[in-house]
Amino acid sequence: MMVKSGAVDEAVEALAVGVGRFLIGQDADGVRRTDATFLRRGRWVLPAVDGRVPRSAYLPGWRRIAQRWGALGVLGGGSYAWWHDPETVLGVAEYAGAAALGLAAVGGGAYGYMTRRQRELLREWVVPLHEALARPLGIPEQTDPRRYLHVPVDFMDDDALIRVDVPAHLRFDEQAVAELIVKKLGLEQVSIGWQRAGRDPHLIVRKRNLPPKMLRLSDPGVREILEEMPESAPLIGLGANKARVSVDLDAESPHVLISASTGGGKSTILRCITCQFLHNGAEAVVLDYKRISHGWVRGVPGVTYCRDIAEIHDALIRLGDEGRRRIKMAEDLGDDVLDQEPERVGPRVVILLEEVNATMRQLTRYWEKIRESGDSKTSPAVDALAEILFMGRQVRLHVLLVAQSATARALGGPEMRENFATRILVRYTLNAWRMLVPEVAPAPKPTNHPGRVQVVRGGRAHETQVLLLSDAEAREWAMGGVRARPRPVKSLSQQLVPLIGGGGAFGARPVPGANADHGPGGRGPVTLTKDPEAPGPAAGGDSCPPAASSESGRAVGLREAQEEFLSEVTLASLRWARANDPEFPSHVAKRGAELLYDRQELARWARNRPRAAVGTGLEGGAGAGEGGEAV
């Protein structure tokens, strides 16, 4: 009996102690797990504490007491009401319970959606940083990192501040801690300020020497910077300390990959780079399956704009042939000559390939539709693109490729992706960064700052503010410079050599004096622009066939053109397009009061005019480019 009495006494005593600890806000076992006090929340788990520490252990004592006494009050009030009127309590509980479940479901969904970025921040950045800092700071690893690491969701923004609370004893290597923070968060050009005095020591990390918030052509000194840039290295933008960020296509990387989600500014980057090349006399071939990405090049000399998938297909094949011609010429000339006169192989040609994900799929589908028995299953246009990417910088053919998701499959294989030594990433995901530039770790967190990109080259990321040019400014710059000077009677955009048997989508003919001016082989440079004197190919599918070559030079009126070769377009539609369509060709002559138009230009317009299902059908004919004018 005495044994039983002692056990009962011990149980009663333990229960009384537990209730007392509960009422004064302590843990049931009486163990203090964090440095929280009655008035101040905790930040650190105390030494020698094992196991998981609940979040409530970080609360100040007064909050724990308030929560527990509040729960007891609700429980007591409910019990009292049940004792006096159980039916009413059951009725209230039934409706209140249903409402509470509904609110919990809606609130839980809303909370999950609103905190998704915070969860990603914790998983991808805060927890890895805590794992790196726990040992140098001398704190237990089970410490909740959110208690001392205050990292905002947009910590890569220019005005963001990162705060890290540190133990008051300060017995750690400050240099090592600062370096770990910078490395784990992928920061560059930051300043670290220490607050060591008092009960609340911490450090503040903020950016310094930021790229400009906005960069425009009208800003002081920008025009002068553009004029000073080498012909082969256009300016992309300015980085920290206003350092110029560019890519030298002759020395660093002959091709550039731009990866960004929709609305990330891919076309803005291409506009900035391309107008500088045109300014310095280069040619440009725009392969734009979306058809409207680069309206600023309309009328710019030296530009070929291909919008139909058939035109893009033919252009890539001819560019591949031109690359092989240039390789042969480079072999004949030798490295010594090319180092002194790289232009001997031909003018620099910049190839803008927009939306490669969709374009590659359409090229494959187009080839499946037109190929004949015995033809290769792989599209020759895709093969030509791969060939161009593998060609060296000596051929002066440069691909500026745009992709939303630059997977190996989208580009035709991982080996093709490796030809882009320079990669520009905008609003990227962590998966995209790890796929494209795994050598740069950790990945800097993307920012939504307009015009802010990461230019990765040589295994290093450079945060850059891209030069923002309006369409008018880009057009003005492209047509200035070399293109503003007097040009020879037969400009580069008119000089053509036979490609694939001569003629084709881009009409071709020999260049007078090629033997004298362009070294061995007697073949001059080529640009993929149409010879005004060369007839275009007959179009197939839903496109309109041009007139016979014997009459290609004869101008025609709208009625005559509609009757002879534009039968699928009504005369009223032609007259409406003449008044409203900016792409409708200009007249070349008059016959009395009647305006006359070039037959091939009318056929080209009819082939490329918008239709109800633009981009879905593959019946478009093999398109013809044009001499120095965007279509």
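Note that the numbering runs from 1 along the sequence shown for the chain. Nothing here was measured: the structure is a model prediction, and the numbers come from that model.
- Residues E463 and K207 are paired through a salt bridge, judged by an N-O separation under 4.0 Å between the basic side chain and the carboxylate.
- Formation of a donor-acceptor pair under 3.5 Å by the H279 side chain with backbone atoms of W477 is found in this model.
- Taking every heavy atom of both residues into account, A233 and M229 meet most closely at O-CE, 3.3 Å.
- Under a cut-off of 6.0 angstrom, the local environment of CZ in R116 is crowded, with over 12 non-hydrogen atoms contributed by other residues, nucleotides or ligands.
- Counted by atom type alone, H130 and Y148 present one or more donor-acceptor pairs between their side chains at under 3.5 Å.
- You'll find the side chain of V356 stays beyond 4.5 Å of the side chain of V402, heavy atoms only.
- Contact annotation: the side chain of L270 approaches that of E354 to within less than 4.5 Å [non-hydrogen atoms, C-beta and beyond].
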### Query
How far apart are the C-alpha atoms of L226 and L217, what are their side-chain angles, what is the distance that settles it, and do they pass the side-chain contact (heavy atoms from CB on, under 4.5 Å) test?
CA-CA 9 Å; L226 290 184; L217 187 63; 3.6 Å; yes

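- No more than 12 heavy atoms of other residues, nucleotides or ligands sit less than 6.0 Å from atom CH2 of W62.
- A side-chain donor-acceptor contact under 3.5 Å links T464 to the backbone of H462.
- Between M156 and L187, the shortest heavy-atom contact is SD-CD2, 3.8 Å.
- The cationic group of R55 does not satisfy the cation-pi geometry with Y58, failing either the under 6.0 Å distance to the six-membered ring centre or the 45° limit from the ring axis.
- H202 places no side-chain N or O within donor-acceptor distance of the main-chain N or O of Q195, the cut-off being under 3.5 Å.
- Checking side-chain atoms of T115 against main-chain N and O of Y111 turns up a donor-acceptor pair under 3.5 Å.
- The existence of a salt bridge linking R423 and E439 is excluded, since no basic side-chain nitrogen approaches an acidic carboxylate oxygen closer than 4.0 Å.
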### Task
Under the salt bridge (charged side-chain N to carboxylate O under 4.0 Å, His left out) rule, what do D248 and R457 come out as? Steps first, then yes or no, please.
CA-CA 11 Å; D248 194 328; R457 64 174 191 265; over 6 Å; no

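- Between R43 and D165, at least one side-chain N (NZ, or NE/NH1/NH2) sits under 4.0 Å from a carboxylate O, which counts as a salt bridge.
- T268 has its side chain out of reach of L467: every pair of non-hydrogen atoms, C-beta onward, lies at least 4.5 Å apart.
- Summarising the local packing, CZ of R135 is surrounded by 12 or fewer heavy atoms from other residues, nucleotides or ligands at distances under 6.0 Å.
- Distance alone, capped at 3.5 Å, places no donor-acceptor pair between the H150 side chain and the R163 backbone.
- Within the 3.5 Å criterion, the main-chain N or O of A176 finds no donor-acceptor partner in the side chain of E179.
- Remark: of the listed residues R434, R119, K184, R117, R434 is the sole one forming a salt bridge (Lys or Arg N to Asp or Glu O under 4.0 Å) with E124.
- In summary, E174 and R196 engage in a salt bridge, as defined by a charged side-chain N under 4.0 Å from a carboxylate O.
- Using a 4.5 Å heavy-atom threshold, the side chains of T422 and L257 count as separate.
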### Steps toward side-chain contact (heavy atoms from CB on, under 4.5 Å) verdict (R40, D200)
CA-CA 12 Å; R40 190 179 181 199; D200 191 23; 4.0 Å; yes

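- Judged purely by atom type and a 3.5 angstrom limit, Q276 has no side-chain atom pairing as donor or acceptor with the backbone of E231.
- Contact of the Y428 side chain with the Q454 side chain is registered, since non-hydrogen atoms from C-beta on lie closer than 4.5 Å.
- Between R271 and D471, at least one side-chain nitrogen of the basic residue sits less than 4.0 Å from a carboxylate oxygen of the acidic one, meeting the salt-bridge criterion.
- Other residues, nucleotides and ligands contribute at most 12 non-hydrogen atoms within 6.0 Å of the CZ atom of R206.
- With contacts defined as side-chain heavy-atom distances shorter than 4.5 Å, the pair L129/L185 qualifies.
- Across all non-hydrogen atoms, the minimal contact from V440 to W433 is O-NE1, 2.9 Å.
- Taking all atoms of both residues into account, the shortest heavy-atom contact from P128 to L122 is CD-O, 4.1 Å.
- A salt bridge does not link R41 to D35: none of the charged nitrogens lies less than 4.0 Å from a carboxylate oxygen.
- Between the side chains of Y305 and D288, at least one donor-acceptor pair of N or O atoms lies under 3.5 Å.
- You'll find the side chain of L170 reaches within 4.5 Å of the side chain of P201, heavy atoms only.
- L59 and A36 make their closest contact through O-CB, 3.6 Å (heavy atoms, listed as atom of the first residue, atom of the second, distance).
- Distance alone, capped at 3.5 Å, places no donor-acceptor pair between the N280 side chain and the F277 backbone.
- The side-chain hydrogen bond (donor to acceptor under 3.5 Å, both in side chains) test with Q465 singles out one residue from K213, K242, R452, and that residue is R452.
- Side chain of H169 to main chain of R171: a donor-acceptor pair is present (N/O by atom type, distance under 3.5 Å, no hydrogens or angles).
- You'll find the side chain of M360 stays beyond 4.5 Å of the side chain of Q362, heavy atoms only.
- With respect to D144 and R147, a salt bridge is recorded, a charged nitrogen being found less than 4.0 Å from a carboxylate O.
- Scanning both residues, P211 and L238, for their nearest heavy atoms gives CB-O, 3.7 Å.
- Residue V455 forms a side chain to side chain contact (heavy atoms under 4.5 Å, CB included) with just one option from I269, V247, L425, I424, and that option is I424.
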